[in-house]
Protein chains: 2
Amino acid sequence: MTQGFKKEIVRHIFRNLLDIMVLKLVRADPMWGYKMIKIVEEKYGIKLRHGALYPLLNNLERKGFLRSKKETKRGRVRKIYEITSKGIQLMDAYNEFLREQI
Amino acid sequence: MTQGFKKEIVRHIFRNLLDIMVLKLVRADPMWGYKMIKIVEEKYGIKLRHGALYPLLNNLERKGFLRSKKETKRGRVRKIYEITSKGIQLMDAYNEFLREQI
DNA sequence: CGTAAAATGTCCGAAACGTGACATATATGA
DNA sequence: TCATATATGTCACGTTTCGGACATTTTACG
């Protein structure tokens, strides 16, 4: 019954609430952009385009919801993002509102 | 604390999840577009533009999530929308997914 | 050595989208 | 009668957004 909409719902959410989903991912576990793409692909079957994700990440950092530090692991330079207290406040308020509404 | 984000969150949701919010309104109480505008304005302080709302409503009907019937009340022709079973299924699946995720 | 994967970045053209204007019809109250 | 409120619709224009391409660096593997 409900599973018929699953795919379009997941698509809808990653189209419209990508910023929220990114904050959620980073909050659960600090990580870098490339890893998000892999996780989202295997968990949800959605291919995030890095051409959209990286500018979004930089944007979220500029607005103070995320902070990043560069980490070099086996020669690979990664930008590890973690959520800021401002980001946590935003998410909590967002979740609260969604729960009330839905 | 969290109230600082309230306004931008409400804006964010009505920007990105307007279709979901419309389905929610109609599900709770069948109504016409103009009334939605009034309700959203007084409940959330958001001004929905009818130039965006009416095409959306027609779209949701075309996709089978809403159905409408014309009603004339004191000379005013209203298009009363009610949610279809398909619309209910979509909302239930959507809410379920959101709850899992958030 | 050459290819694929990891990792991030920018940018252009296309598509999607919202805003505000134009349009129409009736009712109400001053 | 005139303005305002109710009620819905379309459309052009500008903006925002998005996909795919271009670009670069290093590692891993055959």
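All values derive from a computational prediction rather than experimental measurement. Letters go in sequence order (proteins before strands), and every chain restarts at 1.
- In the 5' to 3' direction, nucleotides of DNA chain D lying under 4.0 Å from heavy atoms of chain B begin and end at D:dA5 to D:dC11.
- With axes fitted over five pairs at each extremity, the angle between the ends of the helix from C:dC1-D:dG30 to C:dA30-D:dT1 is 0° (10° resolution).
- As a whole-Å value, the separation of B:R15 CZ from C:dC17 C1' is 11 Å.
- Less than 4.0 Å separates DNA chain D from at least one heavy atom of each of the following residues of residues 20-44 of chain B: B:W32, B:G33, B:Y34, B:K38.
- Legend: side-chain hydrogen bond (donor to acceptor under 3.5 Å, both in side chains) pairs involving residues 22-32 of chain A, not counting sequence neighbours, sorted by first then second residue: A:K24-B:Q101, A:R27-A:D92.
- Residue pairs meeting the side-chain hydrogen bond (donor to acceptor under 3.5 Å, both in side chains) criterion with at least one partner in residues 59-68 of chain B, sequence neighbours excluded, are B:N59-B:R62, B:E61-B:S68, B:R67-B:E82.
- The distance from atom CG of B:N59 to atom P of C:dA16 is 12 Å, rounded to the nearest whole Å.
- Summarising the geometry, the separation between NE2 on A:H12 and C1' on C:dA16 is reported as 14 Å, rounded to the nearest angstrom.
- Within the structure, every side-chain polar atom (N or O) of A:K73 is placed at least 4.0 Å from both OP1 and OP2 of C:dA6.
- For the OP1/OP2 pair of C:dA6 and a distance below 4.0 Å, the side-chain nitrogens and oxygens of A:R74 include no atom meeting the criterion.
- Checked against side-chain hydrogen bond (donor to acceptor under 3.5 Å, both in side chains), B:T84 has no partners two or more places apart in sequence or in another chain.
- Whole-Å rounding puts the A:I80 CD1 to C:dA7 C1' distance at 11 Å.
- Closest to the B:R76 side chain, of the nucleotides C:dA27, C:dG9, C:dA21, is C:dA27.
- Spacing between atom CZ of B:R78 and atom C1' of C:dT24 amounts to 18 Å, rounded to whole angstrom units.
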